[in-house]
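Read through the structure below, which is laid out as structure tokens, and then see the notes.
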Amino acid sequence: MSLEQPQRPDVGVTPDGELNYDELAELLDGHVIDREQHENAEGFVIRPDEVSTVLQTLKQEAGFDHLSLVTSQEYQDRYESIYHLKKYKDPTQELSLVVPTTRDDPVSQSAASVFDTADWHEREAYDLVGIEYEDHPDLRRILLPETWQGHPLSKDYNQDQPQIVPLREHADPMEHRTEVPEEQDTMFINIGPHHPATHGVLHLKTVLDGEQVVDVDPDVGYLHRCEEQMCQQSTYRHQIMPYPDRWDYISAGMLNEWSYARAAEDLADVDVPDYAQIIRTMSAEMSRIAAHLLAVGTFALDIYGDFTAIFMYAITDREKVQNLLEDLSGQRLMFNYFRLGGVAWDLPEPRAEFFENVRSFCEYIPERLEEYHNLLTSNELFQSRVIDTGVLPTDVAKDYGATGPVARGSGVDYDLRRDDPYGYYDELEFDVITDDGCDNFSRAYVRLEEMRQSARIIEQCVDLLEDWPEDERDIQANVPRTLKPEPDTEVYRAVEGAKGELGIYIRSDGTDKPARFKIRSPSYCNLQTLEVMAEGEYVPDMVAALGSLDIVLGEVDR
Amino acid sequence: MTLLPQKIADVIGIDSVFVDIFAAIIGAGLVGTLILIQSALAGPWAKRKITAAFTDRISVNKFGPLGVGIIIPDAVRLISKELIVPEGVDRPAWDIAPIILASSALLGFAVIPMGSLGPVNFQLADPEVGLVFVFAVASIASIALVMAGYASNNKYSFLGGLRAVAQNLAYEIPLIVVGISVVLFSGSLRTSEIVAAQQETLFELGPLAIPSWFAILNPFAFFLFLVANMAEVGRNPFDIPEAPTEIVAGHQTEYSSVYFVLLYLGEFVHIFLGGAIVATVFLGGPAGPVLPGLVWFLIKIWAMFLLTQWLRSAVPRVRIDQLIEIGWKGLLVLAFFNLFLTAGLVGVFAA
Amino acid sequence: MLGILKGMATTMKHALDGETFTVKYPEEEPEVSPRFRGVHKFSQERCIWCRQCENVCPNDTIQIVMDDKRNGEQYNLHIGQCIYCRLCEEVCPVDAILLTQNFEFVGDTKDELAYNKEQLKNVPWYKDIDPLESREPDRSAWVGEGDGEVDYQ
């Protein structure tokens, strides 16, 4: 949070910190056609040609500086884009902007001029649903190949249509290979999709001037597995839960499962017993440690070179968390441990032994952190490599919707565990780590220190669980076997995932399967900032910036 | 001491120019084999074992004692792979580069005094300008890297080749300037005389006679030389011509099969040559108590190899611009400072 | 400089303490949690052919074939397609399908991983762990079904 801004209350906020939607509607003065009730916030329906004006007003005067997600969907009679707005200083103050467009002419104004993050979100909406955005800087397909026919999440999409486009109908990649302009002082280079440093199948179309990056254009979608659509074809009660594990597959499964659990529980009004919430909190923090360990390890790999010792140490420590998670959930990566209304298992017997293992792990983590600090942050060569490289200024981070360690490393004090508490977090003590460095070093430092906080949380959870009365150990609420939420209920809920704000939007249509399931993937939003970080830097610094972003392609591409 | 080819010729006993040539070839073969055995040990086996020790793993342990037998299947595996020739490579250059890289590093061992084993003195030649020859030959490798990078028709290789030139230019000069400071001490460029100059006892420490190794006489120069040498052989923190996480594998990207083996071998021989230079110039060459000279020499070059692996486990790779800065603004200045300091000292003592 | 030396000292400490973290897998079989989810084991005696497992399976891994009198004929499970979510075990009212701890299965082709009833019955226990025993305390947790309608097909 920058201190220069005057500390005046935003329009539409009551003195006790609640949103006053009537006042907000007044502020928008005639732009609001209709008002909808969503589970998480009110939705203002506006005209498709007034999007940027309305967003500009809301951003400037009402303080909605975080465009969390753009959801697009098709109804029988219309297309709809929903802009989920939040505030970085208080994410419980939410507002949805609903922008309907006609089926015949699905054109809507782009929000990219107000929020940079809208760029990719709208490209995805165009790609999958088929809404066109006017004044969008670069409206191309993003997840699917350029040659794809049709928009897969639209109603009239023909699944049986063959998608093989012969090379002759598409641009020939070999065509321009030999055509070198006479005066050329830049070099185009494809980094990825097969490259040691892209952490998966990321493709960076890079233009280099010598060794310096002039332009970088991430090309994602190589790992697109239709996760959203798979969830739309699965039942709420059981079938969706195994899939979140597979978005961010770096053992952050518990956190992902929680995002779905939180959204679906709000949608279906399911209460979770406290005991289950504590187990959830504990397991989620274990997942966070595992994910951060891998993030730090691979970041070290990017800077130190092939198979440095740090990577193996991180993997060794991660193994220890995974053993604990295996004892708890039965699996090491794809946990499928959460259920709507609770968790699948109680703690493993004998409980005392499990508690002891967890406690000794929590004591072990701070010890190990000393070693990581010795190996990484206190190393002068490491410092000279990462300090002041890959700079992401605070305002830019907010504009790009960066969350998680990336935002916190840019000095944005934003953590949903504290700001929008869920689970048992509001009863627990922990610090939100922020760093004002805005560079690669800050992001790595924030991750390292967050592990310490996670260990603190786990210890507190263990204390609570140990003293929990034996007859009150409810691990699941009584949830009907077939869940059919009220038709046309909409909810958008987010949790603090390992990489940032992991949100789920669900719209129900009265059946036992969601009508629209949309994932707000933190990696996807964070990856957009790479362009800002990398420009003008050397190739090694771009690689370091990418490593410090800690993206997981499974989550970016979904 | 008689040199190795001379000894072989003596054993054969016929005084003819052809026998001399024959003996020279046999001697070169012997030394070459000795070095190649070290590389074969280092590449597939020792490197794995050392890295595994640093990273809390076990590594190869199935075949032979401590898994040393892995060398044979590894060699078979590497050589039996398909040699893929990418489209558009600059053919003769692309083929020659690995050969130059491997042979140039081997060539350096011609003048290194490797000590004796029994009656045999392992040194092939002892020219007047031995040290200059070693430095000259060792830096031919950078030409091979540029050739490999440029001829591969791959942008990553190209970047790697360019980085190799920049790096070698930046570090060759400090390396040689530091080397000159040693020559001031020894008063000769002949490698055998540099070694001999380090035999004298510097001072007695109880029962231990500390020899006047130049590393002990001038630790500052030794440190500079180690850093420059690390950059010269392209190891962490200066492995930027390869830099796997940045430019895939730099100049090696497009090579496979036998050519890859040659490149890889060249690098290992290069590390050992770097070690041999350090041993000769600063660590008294093959000197050491009890054990034969050759064994001491091997211990010293393996110690250098171990150092490279140790650095690899814990030291981050510097960026290319930082590397150039360290080279030109740091090392070069310090190297000249060291040279003048040494010259002054030597002058004072000589006077 | 001091930081670099500290880092080097740390790695050297690891090199010299002789501890390794490698699992010597084929020689020493790893300990797995009793809750670990491996290959399924099917019990025809227990199965009442209610098809709940087939119904709940998120990616249609289980295929049940019945004759016209609703007697079970085939029970096929593609263990290569399975995502090991354990939902089939969880919904089974009679514990007819269980996930053993056995993770050691291979196949040369995908087809070999499509197990039929007989193959599923013959899946060995891993280290003689009977998962049902270890899971008994938690049984009651998910047997309670709530008030919703049960969705039989």
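Convention: sequence-line order gives letters A, B, ...; per-chain numbering from 1. Remember, it's a predicted structure, so these values are computed and weren't measured experimentally.
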Check each atom of [X] against the heavy atoms of chain B and say whether the ones under 4.5 Å are side chain, backbone, both or neither.
X      : result
A/F382 : both
A/S384 : both
A/N379 : side chain
A/I191 : both

Next on the checklist: Whether B/E246 and B/R163 form a salt bridge (side-chain N of Lys/Arg under 4.0 Å from carboxylate O of Asp/Glu) is what I want to check.
Outcome noted: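 Judged by the 4.0 Å cut-off on N to carboxylate O distance, B/R163 and B/E246 do form a salt bridge.
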Using a cut-off of under 4.5 Å for heavy-atom pairs, which of [options] has the most such pairs with chain B?
options                : answer
A/T389, A/V543, A/L375 : A/V543
A/H194, A/H195, A/M542 : A/H195
A/P196, A/P540, A/A544 : A/P540

Checklist entry - Are side-chain N/O atoms of B/R57 and B/T51 paired as donor and acceptor at under 3.5 Å? => result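 There is no such pair between these side chains.
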Next on the checklist: I'd like to know if the side chain of A/D317 pairs up with that of A/Y364 as donor and acceptor (distance under 3.5 Å, no hydrogens or angles considered).
Outcome noted: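 Judged by distance alone, the side chains do pair up.
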Checklist entry - Between A/G437 and A/S442, which heavy-atom pair has the shortest distance, and what is it? => result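 Looking at all heavy atoms of both residues, the shortest contact is CA-OG, 3.0 Å.
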Item to check | Considering all heavy atoms, the nearest A/V556-A/S523 contact | outcome: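 Smallest heavy-atom distance, with atoms named: CG2-CB, 3.4 Å.
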Next on the checklist: Just so I know, are the side chains of A/V213 and A/V207 near enough to count as touching, which here means a heavy-atom distance under 4.5 Å?
Outcome noted: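 A/V213 does not reach A/V207 side chain to side chain.
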